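Taking it in order: structure first as structure tokens, then the write-up.
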Amino acid sequence: MPEPLVFDLSKKGRKGYTLNDLDVPEKNLDELIPSELLRSEPARLPEIGESEAMRHFVRLSNMNHHVDKSLYPLGSCTMKYNPKVNENNAVLPGFTGVHPKQPETSVQGCLEVVYKVENILKEVTGLKGVTSQPAAGSHGEFTGIMLMRKYHEVKGNERNVILIPDSAHGTNPSSVIIAGYSVKEVKSNEKGTIGLEDFRAKLTDDVAGIMITNPNTLGIFECDIAQIADMLHEKDALLYMDGANLNALLGILKPGDLGVDILHINLHKTFSTPHGGGGPGSGPVAVSEKLVDFLPVPAVRKTDHGYNLEYDNPNSIGKIHGFYGNFGILVRALTYMEMLGKRGMRRVSENAILNANYLLSLLKDYYKLEYDSPVMHEFVVSSQWQKEKGIRTLDIAKSLLDFGFHAPTTYFPLIVKEALMIEPTETEAKEVLDCFAEAMKEINEYVDKNPEKLKHAPYNTPVRRLDEVKATKELNVKYKFPEDEE
Ligand SMILES: *Cc1c(COP(=O)(O)O)cnc(C)c1O
């Protein structure tokens, strides 16, 4: 039976708590809160006992896939584990009990957290300034492009184009367009990296900069990036590096040393904080010397008297988030950073690279490898051999669910047909990767043995094949209360 909505479990008058008799005089709510701020009718909330509420959400969590249940090899998304100690620190009362409008002197510890995170990010990126305000990777991209725009405005450069390779993450062109630039595409070469010839040809005087995902979405390191930086800087254009997946480079290479001017980092990937439905994200942006002055306000500064917030910066692009960003996420990321230390950070990347290359070696006899270059933290194989026998990437992805694994990213990057983009992450054990590879091999055997079976997978999940288009075209999340029906 499908799990009912919590509203359907509601019974009028049922409560999830018991309260003792009051030992203070009773007061009416309108004596405490101005009446214009009070509801005229009670909110329509489900009325349900504690056990029923708990069981409802536990059942729902079991219907879903999550990192605490099994491997989640979603390429580019870095679904690595979220250490539980991060959560312990994030709920310390000193962090949860503060209000963003408290005076600076009373939130010194919180400001120290922001300051420390930004400093560690400066260290690992080799860049000069950091803002931790952006709430997601894509928000960081937008912030970065606004910084690029400000740079050219101040210098009086007339620029309206940003170059983007054809392997780019989809958020890159979106951020560029929202920031008011137009996109020119640069073709990848046969190795899967940026084609230098095409880049040279497209680097015209109207180019503000380039956005490069590195390692790119094929998991391949852009080895010409330093040369690209030099060519851009000769024309006073800027190098934006999408560093969402810094778990491939941490402790090994500092993007600042390559000539990168702007970089965003996803704390909810590299630094182990939860993704999406698991909590808000955070996409700090790091910049080179020439852009430091334009960073958003307020900035956290350290003085002889402690930490303070600096709002006074006439060159800043302004505020891009309420207060200082998603603060609770910074607490989690700092916990992880402090836990790892310098050596641990390097091991993150070494293990991410080792795991990806190990898994690739187990799969490449069964699934086609379009670009055979050494990979970093992730790789892309394709189901083109299976497609010739009538089985699509979608069928393979759905079949994996029956083995208890989340599917990899599919049909992306766009330059690989029938793509399966796989990122095991650094925190998976060898046995888990072996098991995943076995599942992929078994599915491949079924392509010949029983293709019909694959076409109707999954069989063991709470719901079978869904109409994915319907959910976006006819989304309906409005609950109809029985008492409202005629
Ligand atoms: C995840 C990702 C993004 C976008 O980050 P969000 O936090 O999802 O907005 C951008 N670029 C790359 C390469 C990514 O992997």
Side-chain angles (χ1 to χ4, degrees), residues 67 72-80 82 121 125 131-146 162 164-179 183 188 192-194 210-222 225 239-250 255 260 262-286 320-321 325-326 328-330 332-333 349 352 356 375-380 406 408-416 419-426:
V67 277
Y72 207 143
L74 205 53
S76 203
C77 296
T78 316
M79 305 300 286
K80 73 182 188 189
N82 306 140
L121 292 178
T125 60
T131 174
S132 52
Q133 274 187 39
S138 42
H139 194 200
E141 289 173 28
F142 178 71
T143 307
I145 301 294
M146 296 306 278
I162 291 183
I164 296 190
D166 54 9
S167 63
H169 193 269
T171 49
N172 292 184
S174 322
S175 302
V176 165
I177 300 284
I178 291 174
V183 173
S188 297
T193 55
I194 292 175
I210 191 169
M211 266 185 116
I212 300 182
T213 303
N214 195 20
N216 67 24
T217 57
L218 295 164
I220 301 170
F221 186 79
E222 291 287 353
I225 190 164
L239 173 56
Y240 186 114
M241 185 176 127
D242 181 332
N245 304 119
L246 213 61
N247 58 326
L249 304 178
L250 214 53
V260 168
I262 312 169
L263 172 100
H264 83 262
I265 306 135
N266 282 26
L267 298 186
H268 48 287
K269 293 180 183 167
T270 306
F271 292 103
S272 81
T273 68
H275 280 246
S282 181
V285 173
I320 48 112
H321 191 285
N326 285 330
I329 295 299
L330 303 185
R332 291 172 173 86
S349 300
V375 297
M376 302 286 286
H377 65 301
E378 67 188 1
F379 59 89
V380 176
H406 196 281
T409 300
T410 55
Y411 298 101
F412 186 82
L414 304 175
I415 54 174
V416 176
L420 282 159
M421 184 193 210
I422 302 175
E423 178 175 9
T425 81
E426 57 275 21

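Count residues from 1 along the sequence. Quick caveat, the model's predicted, so the values are computed rather than measured. For ligands, and for the atoms within them, numbers begin at 1 and follow the listed sequence.
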Test applied, side-chain contact (heavy atoms from CB on, under 4.5 Å); reference residue, L218; option that passes from I415, T193, V375: I415
From N216 atom CG to E222 atom CD, the distance as rounded to the nearest 0.5 Å: 4.5 Å
Distance, nearest 0.5 Å, that separates CZ of F412 from OG1 of T217: 4.5 Å
Sub-4.0 Å heavy-atom environment of ligand 1, residues by chain: S76, A136, G137, S138, E141, H169, T171, T213, D242, A244, N245, N266, H268, K269
Rounded distance (nearest 0.5 Å) linking atom OG of S138 with atom CG of N266: 8.0 Å
Side-chain heavy-atom pair N82, V67 within 4.5 angstrom cut-off: yes
Donor-acceptor side-chain pairing of N247 and E426 below 3.5 angstrom: yes
